[in-house]
Undergrad: 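Below is the structure I would like to discuss, written out as structure tokens.
These numbers come from the heavy atoms of this one structure, side chains and all, not from hydrogens, waters or symmetry mates. Every chain is numbered from 1, with letters handed out A, B, ... down the list of sequences.
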Amino acid sequence: MEAKKIRSTFIEFFQSKQHQYVPSSPIVVKNDPTLMFTNAGMNQFKDAFLGNEIAKYSRVANSQKCLRVSGKHNDLEEVGVDTYHHTMFEMLGNWSFGDYFKKEAIEWAWELLTEVYQLPKDRLYVSVFQGDEGDKLEKDVEAAELWSKIVPEDRIILGSKKDNFWEMGDTGPCGPCSEIHVDLRSEAEIAQVPGRDLVNNDHPQVIEIWNLVFMQFNRLADGSLKELPAKHVDTGMGFERLVRAIQFKSSNYDTDLFTPFLDAIAKKSGKTYGLDEQTDIAFRVIVDHIRAISFTIADGQIPSNNKAGYVIRRILRRAVRYGYTFLGLQQPFLFELAPLIATYFGDIFPEVRQQQEFIAKVIMEEEASFLRTLDHGLKMLESIKSELNSKNEKVITGKTAFELYDTFGFPLDLTSLIARENGFSVDEKGFAEEMEKQKTRSRAASEQETGDWVLVNEDTGVEFIGYDFTEAYSHIIKHRTITDKKGDRYQLVLDRTPFYAESGGQAGDTGWLISDSEKIRVIDTKKENDLIVHFVEKLPAHPEVRFSSEVDREKRQLTMNNHSATHLLQSALKEVLGDHIQQRGSLVNENLLRFDFSHFGKMSEDEIAKVEEIVNAKVRENIELQEQRNVPIEEAKKMGATALFGEKYGDFVRVITFQKDFSVELCGGTHVPFTSQIGLFKITSEGSISAGVRRIEAITAKAAANYLREQENLVKEIQDLLKNPKDVKKAIESLLQERNDLRKEIETLHLEKASGVKNELLKQFIEKDGINTLIAQVELPNAESLKKLAYELKNEVANAFVILAAKIEDKPQVAVILEDALVVSKGLNAGQIVRELAKEIQGGGGGQPFFATAGGKDLAGLEKVVAKAKEMFL
RNA sequence: GGGGGAUUAGCUCAGUUGGCUAGAGCACUACGCUGGCAGUGUAGGGGUCAUCGGUUCGAAUCCGAUAUUCUCCA
């Protein structure tokens, strides 16, 4: 059975059991400070399990894109070494929210695996929670009994809390789980060691494929367990492993999920997969990583130098590194795999097909940039090698290797490899020590302590009323304190709030919380999952009373102008540049708007002007805002509403329309009632932020008017300075031309003057012992001309020895120059001489043996310098 | 958020402990030669050494701040 068919069969199977199919949520997580990437199928249902939200469907099934780059086996550096762990993988899952429980979950799982997929029953093992004394938990008898009806006893294994009890976090929903393992070894191997001995033993051929979690408890803060009123089922099956089991391969990479990619790499590199362990690892690393990279870019995460973007960059670079070192791929090659991703995953995950070209472009640029980094590092390594050679040393210190890695991004494994090839070694222990130091430093800097929420009023849920009101009466539900190096910060949650929390690029509201006795400043408002968190300057002394919450209206108003303008801008860009324009990011606050979008190439001045004009025309048209809340997502899409890749939308969305054939967007932000309120729209900059992504910054309303006035004033001031010429540009051009001409003229004059001085000086040379000596006092405009004069005298007179005492801008300076040959033959040293003479002007100096200069403080000393020099050398 | 680098000609970069008239290669201009594969010879133009401040007789070079950018860690 083909992988595609296996996936669709899973979904159809659960649909036949009344499950609702929901699409995968984005692989990149937003609005959750604790998580960067989706790492399990249940992520998008977290709120349902926590009870923050009522599940829309009681039965759900899907295939979720996941990314794991840390953990026991999924440590990035481990992926590819074995044949069954991945960075990006798909998790098939079925869920019950307070609906069916263990019986159905177990029976359906067994039915699907053995009857639909036809996996041999004698290759499957199941595990059941054995109980835990510490938690006073009994064995999961219910699950054990259900299994024993369909599976022989000797294939049921009891597991400890570590393997068979699942918890979401330190607190929250949890429960026992049952895992299904499959034995994929050959008959001969099975005859030697029974499969049940290898379950949960890290055997590469005896692997877990499905985990059924039965959530029946809630873990409280004190560590105790409480039975949940509504019980849930959460299952997760690794798709790649399932495909491998059904296709009966010894490696995930031998399934049709990966073979097309392996073939493409083989063709590109001329190497064959399956011949050599080292190149095989490189093959696996590349075909694994290209998936992770493509999917995250499709969901809007571009490689960058911090956070999630940095993770992607590291994954991409690891793939490039393996290709570079073991497959001889020294030109960008990963990007050529993007079309294959589109072919093989475009049906289930349309975003990778729609953005195929963009993904390839981003990858290619990133590859090219890393190859440049490598090149740079190779050069540095070259010079390190020659330095070691000159000192006759054979070890590259940990510090040096770490510097290469830390500062220049040159990977340790490459340093080691090249070192070995050249008969050097690397002190890897020293490297690890340096790395540890770096980690400790970072940790210390980012240490923060998040206090527990303190409940002050009954938790009745949070109501956001900011679309309709900017002030309200509110009660504080809970508050907490966050402590880090910079001190304490305070957060609180209100039962009803007009404060808009930062999201969709729109900055969070600021304002005040006012009670009879207190007035508290709200500095910022942010979302944490679906919770609206207010950041306040201090905690109220009486948090339980009623507060009047007031949003800073002017700031909100200015922000709204910019947000609505952003919508108009997006539509205008599409009109001018084409339909390929996709939002890649946006920032809207009271000062400006910033809009990042996919577009290849710089916008011309004309295009920018056109876009500005369209937006301003729409502003003048005074279009009325059409705001629709709770529109079913399908209907919104039919309306042609613009949605974002990588954004998680619920089933009901808010649609913001400014003229239904111009701008229709899914948006949670606040907007102006009529576009004329925006006043004026002005683009202030257009530039690139990464491959294929452009950024526009713009301002509106008063800020735009001020900006234009400033520009106008500037031109006026320039005109004034130039005495109001007809054509300012021409006036400046001729001014610049004139300046350049004058500059050259001055230079020539200086030269002429200097040559006059020079001619005079040439007459004053005195010959003694075959040396032509000149000792003189001169006056020159700058140090440069003194140097020049000295060199010229030396060049024009054979065996010259020149000492010049110069007055330069009212400061004394001495220059000594002599024919190179005299340094050796007569033992003369300009540096020494100039130092000796400089004593007379209270200064010091130095230089090379044949030319040296000195400066000082005592102008009157110049005559003494001349006298002293004559005494010494004549 | 923290650490470490970088910023020198249009581009890619040298520039050893402060003093080598700030250099190379490519690109550019002019002239000459030339039947290709980066054609070649000669001459030439082009630099506020990121910005601001400090130390010094003297700073591309040392110190501090700012900006931009790369990189590693969290």
Undergrad: Taking atom C1' in both B/A67 and B/C31, what distance in whole Å separates the two?
TA: 45 Å
Undergrad: Does A/Tyr405 have a side-chain nitrogen or oxygen under 4.0 Å from the phosphate oxygens OP1 or OP2 of B/C73?
TA: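 Yes.
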Undergrad: Taking the P atom in each of B/U29 and B/G45, what is the distance between them to the nearest angstrom?
TA: 16 Å
Undergrad: Who is the Watson-Crick or G-U wobble partner of B/G18, with both distances under 3.5 Å?
TA: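 Answer to the pairing question: none, since B/G18 forms no Watson-Crick or G-U pair.
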Undergrad: Near A/Glu393 CD, under 6.0 Å, is it more than 12 heavy atoms from other residues, nucleotides or ligands?
TA: yes
Undergrad: Indicate whether OP1 or OP2 belonging to B/C72 is found under 4.0 Å from a side-chain N or O atom of A/Tyr310.
TA: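 So the side-chain polar atoms of A/Tyr310 do come within 4.0 Å of the phosphate oxygens OP1 or OP2 of B/C72, strictly under.
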Undergrad: What is the distance, rounded to the nearest whole Å, between atom CD of A/Glu434 and atom P of B/G5?
TA: 13 Å
Undergrad: Just how far, in rounded Å, is C1' of B/G19 from CZ of A/Arg835?
TA: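 After rounding, the gap between these two atoms is 10 Å.
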Undergrad: Measure from the side-chain heavy atoms of A/Thr373 and tell me the nearest of B/U71, B/A74, B/G5.
TA: B/U71
Undergrad: So A/Gly409, base contact, sugar-phosphate only, or nothing? Heavy-atom distance under 4.0 Å.
TA: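 Sugar-phosphate: the residue A/Gly409, judged by heavy atoms under 4.0 Å, touches backbone atoms but no base.
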Undergrad: At less than 3.5 Å, do the side-chain atoms of A/Gln438 and the base atoms of B/C72 form a donor-acceptor pair?
TA: yes
Undergrad: Give, for atom CD1 of A/Ile841 and atom CG of A/Leu859, the distance between the pair rounded to the nearest 0.5 Å.
TA: 9.0 Å
Undergrad: Would you kindly check whether a donor in the side chain of A/Asp406 faces an acceptor in the base of B/G3, or vice versa, at under 3.5 angstrom?
TA: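 Under the 3.5 Å cut-off, the side chain and the base do form a donor-acceptor pair.
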Undergrad: Enter the distance from A/Asn772:CG to A/Leu793:CG here, rounded to the nearest 0.5 Å.
TA: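 Taking CG in A/Asn772 and CG in A/Leu793, the distance rounds to 11.5 Å.
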Undergrad: Would you mind pulling out the nucleotide paired to B/C62, Watson-Crick or G-U wobble, both distances under 3.5 Å?
TA: B/G54
Undergrad: Is a donor on one side and an acceptor on the other found under 3.5 Å between the side chain of A/Arg489 and the backbone of A/Ile482?
TA: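 Here the side-chain-to-backbone pair does not exist.
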Undergrad: Determine: side-chain N/O of A/Lys787 to OP1/OP2 of B/C20, distance under 4.0 Å, yes or no.
TA: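 For B/C20, OP1 or OP2 has a side-chain N or O of A/Lys787 closer than 4.0 Å.
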Undergrad: Rounding to an integer number of angstrom, what distance separates B/U42 and B/U34 when you compare their C1' atoms?
TA: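 Per the computed distance, 15 Å lies between those C1' atoms.
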Undergrad: Quick one: label A/Lys437 by what it contacts on the DNA or RNA (base, sugar-phosphate, nothing), any heavy atom closer than 4.0 Å.
TA: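 Contact class for A/Lys437: none.
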Undergrad: How many angstroms lie between CD1 in A/Ile302 and OG1 in A/Thr296, if you round to the nearest 0.5 Å?
TA: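 Rounded to the nearest 0.5 Å, the CD1-OG1 separation comes out at 10.5 Å.
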Undergrad: Work out how far the C1' atom of B/U48 is from that of B/C70, and round it to whole angstrom.
TA: 25 Å
Undergrad: Between A/Lys379 and A/Glu382, does any NZ, NE, NH1 or NH2 come within less than 4.0 Å of an OD or OE carboxylate oxygen?
TA: no
Undergrad: Suppose we define a pair by two distances each less than 3.5 Å, Watson-Crick or G-U wobble; what does B/G1 pair with here?
TA: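 Across all strands, the one nucleotide that pairs with B/G1 is B/C73.
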Undergrad: With no hydrogens and no angle check, just 3.5 Å: does a side-chain donor-acceptor pair link A/Asp288 and A/Thr87?
TA: yes
Undergrad: Taking CZ from A/Phe408 and P from B/C13, how many angstroms apart are they, rounded to a whole number?
TA: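 These atoms are roughly 12 Å apart.
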Undergrad: OP1, OP2 of B/U56 versus side-chain N and O of A/Lys857: anything below 4.0 Å?
TA: no
Undergrad: In whole Å, measure the gap between the C1' atoms of B/U71 and B/G10 for me.
TA: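 Result for the C1' pair: 27 Å, nearest Å.
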Undergrad: With both distances kept under 3.5 Å, what pairs with B/A67, Watson-Crick or G-U wobble?
TA: B/U7
Undergrad: Nearest whole angstrom, please: distance from the C1' of B/U71 to the CE of A/Met380.
TA: 12 Å
Undergrad: I need the CD1-P distance between A/Ile841 and B/C57, as an integer number of Å.
TA: 11 Å
Undergrad: Look at all strands and tell whether A/Arg317 reaches a base, only sugar-phosphate, or nothing, counting heavy atoms closer than 4.0 Å.
TA: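 Sugar-phosphate contact only - A/Arg317 comes under 4.0 Å of backbone atoms but never of a base.
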Undergrad: Could you give the distance separating B/U16 and B/A60 at their C1' atoms, to the nearest angstrom?
TA: 14 Å
Undergrad: Would you mind classifying the nucleic acid contact of A/Arg441 as base, sugar-phosphate or nothing, using non-hydrogen atoms under 4.0 angstrom?
TA: sugar-phosphate
Undergrad: Which sits closer to the 5' end of RNA chain B, A/Thr407 or A/Phe851, going by the nucleotide each is nearest to?
TA: A/Thr407
Undergrad: Check the distance between B/A6's C1' and A/Asp375's CG and give it to me in whole angstrom.
TA: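 The distance from CG of A/Asp375 to C1' of B/A6 comes to 17 Å, rounded to the nearest Å.
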Undergrad: Quote, to the nearest angstrom, the P distance that separates B/G19 from B/C73.
TA: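 My reading of the P atoms in B/G19 and B/C73 gives 37 Å.
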Undergrad: Within the structure, does a side-chain N or O atom of A/Arg313 lie under 4.0 Å from either OP1 or OP2 of B/U71?
TA: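 A/Arg313 to B/U71 OP1/OP2: side-chain N or O found under 4.0 Å.
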Undergrad: My understanding is that a pair needs two contacts under 3.5 Å, Watson-Crick or G-U wobble. By that rule, which nucleotide pairs with B/U29?
TA: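 Its partner is B/A43 (Watson-Crick or G-U wobble, both distances under 3.5 Å).
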Undergrad: Using heavy-atom distances to pick each residue's nearest nucleotide on RNA chain B, tell me which of A/Ser369 and A/Gly843 is more 5'.
TA: A/Gly843
Undergrad: Begin with the C-alpha distance, continue with both residues' side-chain angles, and end with the deciding distance and a verdict on ring pair (Phe, Tyr, Trp, His ring centres under 6.0 Å) for A/Tyr490 and A/Phe535.
TA: CA-CA 6 Å; A/Tyr490 309 101; A/Phe535 291 66; over 10 Å; no
Undergrad: Applying a 3.5 Å limit to both distances, which nucleotide forms a Watson-Crick or G-U wobble pair with B/A24?
TA: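 B/U12 - that is the nucleotide pairing with B/A24, both distances being under 3.5 Å.
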Undergrad: With P as the reference atom in both, quote the distance from B/G4 to B/U12 in angstrom, rounded to an integer.
TA: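 Per the computed distance, 26 Å lies between those P atoms.
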Undergrad: Counting only Watson-Crick pairs (N1-N3 plus N6-O4 or O6-N4) and G-U wobbles (N1-O2, O6-N3), all under 3.5 Å, who is the partner of B/C49?
TA: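 Paired with no nucleotide.
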Undergrad: What's the CZ-P distance between A/Arg314 and B/U71, to the nearest Å?
TA: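 Result: 13 Å.
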Undergrad: Closest approach to the side chain of A/Lys811, judged atom by atom: which nucleotide of B/G5, B/A74, B/C57 is it?
TA: B/C57
Undergrad: Rounded to the nearest Å, what distance is computed from the CD1 atom of residue A/Ile482 to the P atom of nucleotide B/G1?
TA: 16 Å
